[in-house]
Amino acid sequence: MSFVNPDNLIAVALVINRSRDGPAFVFHYPPAVLPVNAETPSHDAADSEDILLERLSRPLFRSSQDHHEPRGGAGGAGGHHLPEHDTAAVPWESVAGFPTRDLASILTPARPYHKRLFQLSLDPLLCVSYPIHVPESGKWKRAKKSKPGRPPSAVVVVVDEADNTPAASRAPSIAVSAPPTPVDAEGAADKDKEKDKRDEDEEKRSSMTMFNLVFILRPKKDQTRELVDALYSNIAKKVNKAFKYSQQHSDFVWKESKKILATKDRAREDNKRMSQLWRDLVQQSSLAASVQDIYEAVSQNRIATLHLDTAAGVLSPSVQIPAPLYVADLPGPPDEARRARGLWLTTANAFLTQDTLEEPGFLDRHFGLLLMEDDKKIIAELQADGDPSALPMVEFVRLSKPTMSFYQVGQSNILSLSQVRKFAQHFIFWRRAMAVPPLHARDTYVVSPNCDLARLPAASAGWQRAFPLAPPLANLLSDMSVCPRPYKTFCPSKVHRPLYLRMLAWLLRGGWVTQLCTFAYVVVWPEIVYQVDYEMEAEELEGPTPSTSPHSAGGTAAAVSISPLTTAAGAGALARPHNQLAHLDEDAILSPTSTGAAPIPATSAAAGKPRQVSIASTTSEATTAASGSLPSTAGAVPIPSTTERAAEAARLARIAQRVSREAADKAAAHARRVVPEATPHPSTNRSPHLAGVAPHIILDAKKTTGPESRYLAAISSRLRDDRVRQAWATMCRYFDGHAALERIALQEEMKRKEAWTLLTAMSEYLICTRHW
């Protein structure tokens with residue numbers, strides 16, 4: 001988990017590009033950004049990076065002799081150059097040691113980066129942004145579509161009845177008029193308006209062509225990707241989209257940018273101090289104030305609420321990087337440990353898989369809402385707004401208790417389950433609440449290893465104000481640190497349980513305690529492993545017999561299926577692999593042959609057509625025409641000799657004998673094995689035949705295949721109670737080491753006592769572990 005802080009967020013800057021004057025570095029915050037030296041210089045930079053560094057190493061301002069040379073549209077700050085006699089640089093024209101003139105050039109990417117992630121490395125700095133370009137039409141404002149059914153040239157003219165003009169010269173009240181004549185005063189005014197509008201459009205078309213809010217980072221190497229993803233998706237995209245909306249509707253970004261650039265130019269001429277200039281810019285420009293708010297809020301891990309004072313009204317978008325309300329593991333590095341200290345330590349959220357999230361109703365039953373402040377205070381704030389739409393939210397705050405799940409709150413007749421989800425998401429987004437497993441007095445809670453003991457004195461004072469009659473905070477935490485036990489044992493009586501549950505909510509809200517949960521895996525004891533292995537071996541021995549039968553004692557070979565022999569022209573029999581000869585019929589091979597023997601089909605390599613080749617007992621290559629066979633050619637199939645046929649038959653016989661002997665040995669070995677017998681407690685079975693069998697742990701009982709599925713079936717058959725046996729298949733989905741057993745009652749809508757009774761009956765086949 002990586003946090004955004006002033007150490008890795010160096011600055012936030014706004015850059016624009018203009019069609020005539022080129023890029024401009026409008027504003028950045030904080031005002032003074034000192035140079036950052038790279039800890040480990042890079043030696044494998046690409047050629048493009050070398051060119052970039054060479055360009056950035058140029059002097060900040062050019063001398064008088066090259067003042068009039070073109071610079072490719074990259075002007076100075078606001079397109080303003082120092083006079084020839086001025087050689088001193090103003091402090092706001094350098095950011096992190098780089099000239100803002102060059103930064104403006106490289107931070108205005110081309111149109112292909114429009115609304116895409118733009119990432120630029122200036123070792124050790126990293127620039128991340130979401131550039132916005134002017135639409136293809138060249139105008140930020142979109143043309144309004146005319147309403148259907150109304151001619152585009154229709155002009156509505158309202159005539160005053162008290163007008164003294166002659167009646168003949170009056171226009172009708174509603175008319176579709178032709179283009180006005182030059183002598184028409186109203187037409188001339190319309191023409192002037194159209195001309196002004198064309199001039200205004202031309203000015204907009206030739207001014208700002210893109211803007212880019214850039215975040216300058218210095219992340220650690222192992223946190224770069226996580227930090228960039230968090231800033232880009234949660235801050236950069238949303239803020240630039242808000243700027244785009246205000247630009248399209250009221251030309252906000254361009255007007256404010258011109259104001260800021262003009263103020264900086266005047267301050268340059270007046271030699272104004274940078275601190276005073278930045279105070280004036282933040283006070284005069286809501287755009288500059290929004291950049292300041294973004295940096296301060298994001299670097300401090302707070303919600304940034306912007307106030308954009310546009311011509312169309314005030315816009316107040318809110319952005320934030322979701323605050324880490326919990327940690328799954330104890331932070332390692334000291335800086336992260338310091339920032340994560342005091343957060344809720346739990347794996348309830350970290351172990352949620354995609355399959356679990358897609359399961360209907362899982363989150364509704366698994367989580368409840370814990371308000372970060374007193375519910376009376378939140379209700380008072382909602383009622384003070386006077387908004388009628390806030391009434392359902394007030395009812396949600398009244399109904400939601402940390403001891404109830406979202407599903408239970410949604411069962412009321414006041415709010416639906418969809419409303420409960422929506423309001424819960426709203427409060428969690430605004431960091432007014434967090435989702436926690438519903439609190440229960442029978443669960444076990446311990447002091448969190450991540451609690452911030454440095455805050456104990458201040459927390460003790462707040463605890464005493466909230467619960468005047470409760471034991472001191474230090475005493476209660478000391479009692480909860482001794483030995484884990486159900487929380488209800490700390491209550492003096494059952495009457496005090498509601499009060500102690502409110503105390504528990506206070507402790508969990510401050511990260512002082514965490515729930516100690518139980519997680520389980522299925523363990524398969526050696527007795528069951530041996531039984532399943534024995535059954536699988538027996539099924540294998542009862543399977544189909546081998547295709548080749550063993551030879552008899554007299555050496556008579558069994559028949560093998562015959563298949564055609566395919567070979568290239570001129571290939572010899574000795575060059576043929578023995579597995580091809582095995583396809584010959586042994587009876588045909590070993591039987592005496594003659595010139596009238598039955599032909600064997602063969603294939604000619606040259607013609608590609610089947611032909612008949614007779615098996616002859618002589619070495620003569622000629623055959624009689626009476627036998628119906630074709631004359632021997634160079635492509636004829638060679639006939640194996642009697643010796644070769646006998647050798648092949650003997651080889652097949654040896655293979656068959658070996659297979660038969662192995663099968664007989666397996667059957668004899670299986671018969672000598674001890675027949676498995678189910679014992680009442682397989683975990684304590686220490687029989688000699690189980691000495692070499694190790695227990696097997698199933699890591700995820702809901703995703704089992706092969707032998708593991710047979711292990712679960714064998715365990716189910718050994719459960720003596722029918723009710724427990726039926727619940728085994730349902731409970732197995734929670735035996736993955738990620739699902740807390742304390743949540744099963746909520747998920748299955750069971751009573752806690754019933755759920756733990758079933759789990760206790762299955763405990764012999766479970767291996768459990770406990771952690772937060």
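What you see is a predicted model; the values in this text were computed from it and never measured.
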Legend entry - Rounded distance (nearest 0.5 Å) linking atom CZ of Arg770 with atom OG1 of Thr444: 4.5 Å

Inset, instruction - Answer yes or no: does atom CD of Glu677 have more than 12 heavy-atom neighbours from other residues, nucleotides or ligands under 6.0 Å? - result: no

Inset, instruction - Compare all side-chain heavy atoms of Glu748 with those of Tyr734 and state whether any distance is below 4.5 angstrom. - result: yes

Legend entry - Residues that Met434 engages under side-chain contact (heavy atoms from CB on, under 4.5 Å), provided they are two or more places apart: Leu325, Trp344, Leu370, Met372, Val436

Inset, instruction - State whether the side chain of Glu742 and the backbone N or O of Thr518 hold a donor-acceptor pair below 3.5 Å, judged by distance alone. - result: yes

Legend entry - Donor + acceptor pair across side chains of Gln531, Arg718 (<3.5 Å): yes

Legend entry - Over all atoms of both residues, closest heavy-atom pair of Leu712 and Cys732: CD2-SG, 4.4 Å

Legend entry - Heavy-atom check, side chain of Ser687 versus side chain of Val674, under 4.5 Å: no

Legend entry - Thr346 side chain reached by Gln515 side chain, heavy atoms, under 4.5 Å: no

Legend entry - Closest non-hydrogen atom pair, Ser233 against Asp229: OG-O, 2.6 Å

Legend entry - Donor-acceptor pair, side chain of Thr347 and main chain of Trp772, under 3.5 angstrom: yes

Legend entry - Polar side-chain atom of Ser400 near backbone of Val397 as donor-acceptor pair, under 3.5 Å: no

Legend entry - Atom CZ of Arg752: over 12 foreign heavy atoms under 6.0 Å: yes

Inset, instruction - Quick one: sort the Tyr487 and Tyr445 rings into parallel, tilted or perpendicular, breaks at 30° and 60°. - result: perpendicular

Inset, instruction - Would you list the pairs meeting salt bridge (charged side-chain N to carboxylate O under 4.0 Å, His left out) in which at least one residue belongs to residues 667-676, sequence neighbours left out? - result: Asp533-Arg673, Glu537-Arg673

Inset, instruction - Kindly say whether Lys220 contributes a backbone atom to a donor-acceptor pair with the side chain of Gln223 at under 3.5 angstrom? - result: no

Legend entry - Contact summary for Asp452 and Trp512, nearest pair of heavy atoms: O-CH2, 3.1 Å

Inset, instruction - Evaluate the side-chain proximity of Thr757 to Arg723: yes if any heavy-atom separation is below 4.5 Å, no if none is. - result: yes

Legend entry - Donor-acceptor under 3.5 Å (Ser660 side chain, Ala656 main chain): no

Inset, instruction - Determine whether Arg421 and Asp364 make a side-chain contact, defined as any pair of heavy atoms from C-beta on separated by less than 4.5 Å. - result: yes

Inset, instruction - In plain terms, say whether Glu648 and Arg645 are close enough for a salt bridge, that is, a side-chain N and a carboxylate O under 4.0 Å apart. - result: no

Legend entry - Close side-chain approach of Pro676 and Glu527, heavy atoms under 4.5 Å: no

Legend entry - Qualifying residues under ring-ring contact (aromatic ring centres under 6.0 Å, His included), relative to His670, sequence neighbours excluded: Tyr534

Inset, instruction - Could I get the full list of ring-ring contact (aromatic ring centres under 6.0 Å, His included) partners for Trp463, not counting sequence neighbours? - result: Phe467, Trp506

Inset, instruction - Could you tell me whether the side chain of Arg509 and the main chain of Leu371 form a donor-acceptor pair under 3.5 Å? - result: yes

Legend entry - Enclosure of Glu754 CD (heavy-atom neighbours >12, cutoff 6.0 Å): yes

Legend entry - Lys666 vs Glu662 side-chain heavy atoms within contact, under 4.5 Å: no

Inset, instruction - Using atom types as modelled and distance alone, determine if a side-chain donor or acceptor of Ser460 lies under 3.5 Å from a backbone N or O of Leu456. - result: yes

Inset, instruction - State which residues pass ring-ring contact (aromatic ring centres under 6.0 Å, His included) with Tyr530; sequence neighbours excluded, sorted by chain then number. - result: His689

Legend entry - Expected output: side-chain Trp525 to main-chain His681 donor-acceptor under 3.5 Å: no

Legend entry - Exercise: identify the closest heavy-atom pair between Pro438 and Gly368: CD-N, 4.1 Å

Inset, instruction - State whether the number of non-hydrogen atoms from other residues, nucleotides or ligands found under 6.0 Å of Ile767 atom CD1 is greater than 12. - result: no

Legend entry - ring-ring contact (aromatic ring centres under 6.0 Å, His included) against Phe396, all qualifying residues, sequence neighbours excluded: Phe423, Phe427

Legend entry - Heavy-atom check, side chain of Pro437 versus side chain of Phe367, under 4.5 Å: yes

Legend entry - Donor-acceptor pair, side chain of Thr514 and main chain of Leu345, under 3.5 angstrom: yes

Inset, instruction - Check for a donor-acceptor pair, side chain of Gln408 on one end and backbone N or O of Ser405 on the other, with a separation under 3.5 Å. - result: yes

